[in-house]
Amino acid sequence: MNVLLVFAHPEARSLNGSLRDVAVQELGARGHAVRMTDLYAEGWKPVVDHDDFPAQDRSKRLKIAAASGETFAASALTVDVKAEQDKLLWTDVLILQFPLWWFTMPAILKGWIDRVYSHGFAYGVGEHSDRRWGDRYGEGTLAGKRAMLVVTAGGWEEHYGPRGINGPIEDLLFPIQHGVLFYPGFDVLPPFVVYRADRLDDVGFSAVAEQLRDRIRSLATTSPIPFRRQNGGDYLIPTMQLRADLGAPGKDGFALHRREDDEPISEKPYL
Ligand code: FAD
């Protein structure tokens, strides 16, 4: 398989750096082709601005989505963004690796998404009408590929449990896993999360490294999170509401958008 690892930590000798090396080594040992985007080391430009749309008239008001779509359609994206899109098209598996900072990804990684996810590439794909709301949430440019988060967190696992004060980890990661990864088509694997990362000693590191190797070995076979596909019949079009007859009693919020284990997959769009 082809694997792209996007790495967002400023220090190569960090825990994250060591875990990245473990992952890359295991991927290589399994015969996978690996490409890396090391955002800090490469000096990734983390903000969207006029410079991202060189062919646009700077005297006019910048409308980001329109400028993004026009620039993408004209193949006039900046070289760095184009290179990342090519890597995404090349890869079978995307790994985003980062320390949890203020309950989400570091800003530099958000900036990678903001810039690389052009209109026409990651959003604004497919037919948009009152009968079909585009190719997204399970369909789109990156459909058929897999993605996984590798995250380190200072907090305890219990702090991120169902009743933990930080909120459940699956809720905190929902905007990334569902909004950023599932949206353009990725099948999203359960995240690999290291808790109490700041307290990790050598013994702890060895155990975590082995768990990560295990997840790398099963990248092709691990079942994805069962997010509901937008165009699979579970949602009303065009309101995009989950059908009233779906979702277990008592479930609400983000959990509604994951299928239950025993729930049949809708075959036909419900119009
Ligand atoms: P490092 O500091 O590099 O290392 C952590 C520990 O691993 C060290 O003790 C190190 O000795 C040890 N270690 C053991 N073996 C090795 C090895 N082989 N290689 C390297 N290190 C090893 N946490 C939360 O839970 N929620 C938050 O919202 C949150 N927000 C944060 C915001 C900011 C701005 C910052 C700076 C931290 C935040 N944290 C938060 C904590 C953060 O998630 C952790 O500090 C981070 O995940 C640790 O990863 P690291 O790679 O930076 O670790």
Would you mind checking if [Y] and [X] are paired as a salt bridge, meaning a charged N to carboxylate O distance below 4.0 Å?
X: Arg132; Y: Glu139; value: yes
X: Arg217; Y: Glu210; value: yes
X: Glu260; Y: Lys251; value: yes

>> Could you list the cluster mates of Val208? Members are the ILVMFWY residues connected by side-chain heavy atoms closer than 4.5 Å, either directly or through other members.
In response: Met1, Val3, Leu5, Phe7, Leu15, Leu19, Val22, Val24, Leu27, Val34, Met36, Val93, Ile95, Met148, Val150, Leu189, Phe192, Val194, Leu200, Phe205, Leu212, Ile216, Leu219
>> Heavy-atom count check: over 12 atoms from other residues, nucleotides or ligands less than 6.0 Å from Trp101 CH2?
In response: yes
> For atom CD of Glu42, is the number of surrounding heavy atoms from other residues, nucleotides or ligands below 6.0 Å larger than 12?
Replying inline: yes
Do any N or O atoms from the side chain of [X] and from the backbone of [Y] form a donor-acceptor pair under 3.5 angstrom?
X: Lys145; Y: Thr91; value: yes
X: Ser218; Y: Thr221; value: no
X: Arg136; Y: Phe182; value: no

>> Please find the pair of heavy atoms, one from Arg215 and one from Pro190, that lie closest to each other, and give the distance.
In response: NH2-O, 2.6 Å
>> Is it true that Ser14 and Asn16 share a donor-acceptor pair across their side chains at a distance under 3.5 Å?
In response: no
>> Whether the Gln241 and Thr239 side chains hold a donor-acceptor pair (N or O, under 3.5 Å, no angle test) is what I'd like checked.
In response: no
>> Tell me if the aromatic rings of His257 and Phe227 count as close, with their centers under 6.0 Å from one another.
In response: no
> Between His159 and Tyr195, does the ring centroid distance fall short of 6.0 Å?
Replying inline: no
For a quick test of your reading: what N or O donor-acceptor pairs under 3.5 Å do the side chains of residues 103-119 make, sequence neighbours left out?
from: Lys110; atom 1: NZ; to: Asp114; atom 2: OD1; distance (Å): 3.0
from: Lys110; atom 1: NZ; to: Asp114; atom 2: OD2; distance (Å): 3.3
from: Trp112; atom 1: NE1; to: Glu84; atom 2: OE1; distance (Å): 3.0
from: Arg115; atom 1: NE; to: Asp52; atom 2: OD1; distance (Å): 2.7
from: Arg115; atom 1: NH1; to: Lys45; atom 2: O; distance (Å): 3.0
from: Arg115; atom 1: NH1; to: Asp80; atom 2: OD2; distance (Å): 3.1
from: Arg115; atom 1: NH2; to: Asp52; atom 2: OD1; distance (Å): 2.8
from: Arg115; atom 1: NH2; to: Thr78; atom 2: OG1; distance (Å): 3.4
from: Arg115; atom 1: NH2; to: Asp80; atom 2: OD1; distance (Å): 3.2
from: Arg115; atom 1: NH2; to: Asp80; atom 2: OD2; distance (Å): 3.1
from: Tyr117; atom 1: OH; to: Val180; atom 2: O; distance (Å): 2.8
from: Ser118; atom 1: OG; to: Gln85; atom 2: NE2; distance (Å): 2.8

